[in-house]
Q: 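My questions all concern the structure below.
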Amino acid sequence: MASSTTESSRILHEIETLKSAKSDLERRISALESQLHGLNHPHNNGVCIASSTSPSAFPHGLSPDMIYRYSRHLLLPSFGVQGQLRLSKSSILVVGAGGLGSPALLYLAASGVGRLGIVDHDVVELNNMHRQIIHTEAYIGRSKVESAAATCRLINSTVEIVEHKEALRTSNALEIFSKYDIIVDATDNAPSRYMISDCCVVLGKPLVSGAALGLEGQLTVYNYNGGPCYRCLFPTPPPTTACQRCADSGVLGVVPGIIGCLQALEAIKVSSAVGEPLSGRMLLFDALAARIRIVKIRGRSLQCEVCGENSKFKAAQFQEFDYEKFTQSPLSTSPLRLKLLEPNSRISTKEYGDRLRNGESHVLVDVRPEHHFKIVALPNSLNIPLASLDGRLEEVVSALKEEEHKQSSESSGADVQLYVVCRRGNDSQRAVKYLQEKGFPSAKDIIGGLEGWAHEVDPTFPSY
Amino acid sequence: MQLTLEFGGGLELLCDSVKIHNVSIDPENGVGKLIMKDLLSWVRTNLIKERPEMFMKGDTVRPGVLVLVNDCDWELSGQLDTTLEEKDVVVFISTLHGG
Ligand SMILES: [Zn+2]
């Protein structure tokens with residue numbers, strides 16, 4: 001224990017040293033960048049010939065720099081000067097700088113949108129970086145908005161990037177959205193999706209909506225050209241059990257990447273008035289089968305409570321609306337913390353650690369799905385997934401008997417304890433509740449699960 | 001009547017993780033007509049293996065499920081009263097929220 005403490009303080013020290021060296025480097029880089037910026041801008045030194053022609057010399061309004069940078073866009077007969085000009089005068093807001101928002105922002109910045117806003121309140125985390133490709137390791141622990149904005153500026157310093165480092169709420173959504181022409185929904189939860197759609201209806205903004213989970217993605221444009229809003233399609237929110245999160249169900253990184261790219265495409269089409277935006281239609285992407293299906297969906301519903309004919313849903317109603325209550329799920333993506341059991345049916349991770357060290361005789365049942373158990377597990381734990389627990393109670397009985405045998409040969413008196421663990425301490429409570437009903441009255445869950453164990457007892461235990 | 005039924009957006013988990021089902025259904029009423037209402041109850045009885053409440057609520061699909069008949073929202077064809085034809089493709093897809 002003592003040696004691991006020394007080791008961790010050594011590592012901490014090294015991290016600190018490296019971080020300070022890194023911030024020195026970053027300062028130096030930004031000083032050089034501003035120096036370079038000065039060199040490339042003629043009004044500072046008057047040497048740059050390419051930019052010496054005044055932008056107003058061209059009747060269409062694109063500057064020489066823009067003509068060069070966006071030349072491949074301008075060469076497209078169906079996009080051309082007109083499309084680029086409209087794009088450069090438009091403003092797009094991307095809500096969420098995650099798996100969908102990352103590629104959407106990269107392409108929107110590169111393509112030369114006039115103003116690009118980013119809303120998010122989260123920080124960059126290593127276990128999201130497989131899909132949140134706008135962020136780099138240097139930004140782990142820092143604001144996603146800051147990180148995404150920095151990358152966008154590196155790609156295209158001529159785009160105005162606006163940082164909204166806050167959670168989107170009914171109290172700030174109207175004000176933020178009103179500054180933009182087009183909204184891109186790149187969030188990851190049901191209440192945000194209803195809130196964003198309603199706000200777009202109230203303000204009359206087109207909404208490019210994307211979603212991805214596992215190996216599937218969905219995409220459509222709402223509230224555009226007589227098309228439906230999110231509520232026309234989904235007037236009643238789904239049950240919370242149907243709202244899976246990437247952090248629980250997993251997601252292949254490239255899947256939201258593809259949907260996010262398509263969101264950028266649709267936003268570009270809407271803002272440049274080019275092509276046929278995906279309104280009144282929905283794109284369904286199945287990565288495993290390598291299939292994209294585009295289906296026709298209903299138009300605007302006259303009965304829609306928000307965008308319908310007799311809707312009384314205006315700014316005031318929006319600000320009063322409780323989206324968390326409506327969808328029965330939280331706006332923030334923080335995981336659920338259930339409290340199903342009495343305190344005497346639970347033990348803390350620290351206490352379990354103590355009992356383990358004291359050699360207490362017990363059986364530990366891990367109720368996570370098998371593919372979770374394969375990632376990492378506590379030694380000597382018995383994997384019986386919650387879904388199959390009712391058919392496998394015999395295994396619990398025989399494990400307890402086996403422990404009893406071992407114990408009687410060592411002749412101490414106490415009963416064999418039964419503990420249940422899962423990833424975060426929700427399913428373990430459900431399992432204990434079930435076990436107590438089925439004749440295991442002393443079953444206890446380990447509070448906070450393996451995540452708690454890694455946090456509070458063993459920092460070397462992997463989190464996922 | 002030969003139909004292709006597809007499940008997506010996680011609904012396939014309710015039917016042994018099989019996404020595409022080629023099925024043959026005989027309309028019960030003898031007139032040879034099969035409507036979506038009949039199909040839903042057939043699916044619930046014959047394909048849904050667990051948590052039926054994740055597929056249906058009352059006599060229709062639960063909120064958050066889109067039903068597409070030949071790539072077209074069933075709202076446009078009469079919802080539960082949509083008449084099915086030989087070789088139709090019916091897709092049930094749960095809306096996703098992740099990102
Ligand atoms: Zn509507």
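All chains are named by letter (A, B, ...) in the order of the sequence lines, taking the proteins before the strands, and each is independently numbered beginning at 1. No experiment lies behind these values; they were computed from the predicted model shown.
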Q: Please report the shortest heavy-atom distance between A:Ala211 and B:Leu96, naming the atom on each side.
A: CB-O, 3.3 Å
Q: State, yes or no, whether a side-chain contact exists between A:Phe234 and B:Val65 at a heavy-atom distance under 4.5 Å.
A: no
Q: Please report the shortest heavy-atom distance between B:Gly99 and A:Asp188, naming the atom on each side.
A: N-CB, 3.6 Å
Q: Are there over 12 heavy-atom neighbours, none belonging to B:Glu75, within less than 6.0 Å of that residue's CD?
A: yes
Q: So for A:Tyr230, is it side chain, backbone, both, or neither that comes closer than 4.5 Å to the heavy atoms of chain B?
A: side chain
Q: Under 4.5 Å heavy-atom distance to chain A, tell me which part of B:Lys19 shows up: side chain, backbone, both or neither.
A: side chain
Q: Heavy-atom distance under 4.5 Å to chain B: side chain of A:Asn128, backbone, both or neither?
A: neither
Q: So does B:Lys49 have more than 12 non-hydrogen atoms from other groups sitting under 6.0 Å from NZ?
A: yes
Q: At a 4.5 Å cut-off on heavy atoms, which part of A:Thr187 comes close to chain B: side chain, backbone, both, or neither?
A: backbone
Q: Please check if atom CD in B:Glu86 has more than 12 non-hydrogen atoms from other residues, nucleotides or ligands closer than 6.0 Å.
A: yes
Q: Report yes if some heavy atom in the side chain of A:Arg293 is under 4.5 Å from a heavy atom in the side chain of B:Val89; otherwise report no.
A: yes
Q: Between B:Asp71 and A:Lys296, does at least one N-O distance fall below 4.0 Å, as a salt bridge requires?
A: no
Q: Keeping A:Gln218 on the side-chain end and B:Ser94 on the backbone end, is there a donor-acceptor pair under 3.5 Å?
A: yes
Q: Is it the case that atom OH in A:Tyr224 sees more than 12 heavy atoms from other parts of the structure closer than 6.0 Å?
A: yes
Q: Closest heavy-atom contact between A:Pro238 and B:His97?
A: CG-CE1, 3.7 Å
Q: Contact between B:Ile93 and A:Glu216 at the side-chain level, heavy atoms closer than 4.5 Å - yes or no?
A: yes
Q: Under 4.5 Å heavy-atom distance to chain B, tell me which part of A:Leu284 shows up: side chain, backbone, both or neither.
A: side chain
Q: Against chain A, work out which of B:Glu50, B:Glu6, B:Glu53 has the most heavy-atom pairs shorter than 4.5 Å and name it.
A: B:Glu6
Q: Looking at A:Glu324, I'd like to know if its CD atom is crowded, meaning that more than 12 non-hydrogen atoms belonging to other residues, nucleotides or ligands lie closer than 6.0 Å.
A: yes
Q: Considering only heavy atoms, which portion of A:Arg131 lies under 4.5 Å from any heavy atom of chain B: side chain, backbone, both, or neither?
A: side chain
Q: Could you look at B:Leu11 and say if it's the side chain, the backbone, both or neither that has a heavy atom under 4.5 Å from chain A?
A: neither
Q: Kindly indicate whether the side chain of B:Leu66, heavy atoms from C-beta on, has any atom under 4.5 Å from the side chain of A:Leu233.
A: yes
Q: Between A:Ala242, A:Ser249, A:Ala247, which residue shows the highest count of heavy-atom pairs closer than 4.5 Å to chain B?
A: A:Ala242
Q: How long is the gap from OG1 on B:Thr95 to CZ on A:Arg193, to the nearest 0.5 Å?
A: 7.5 Å
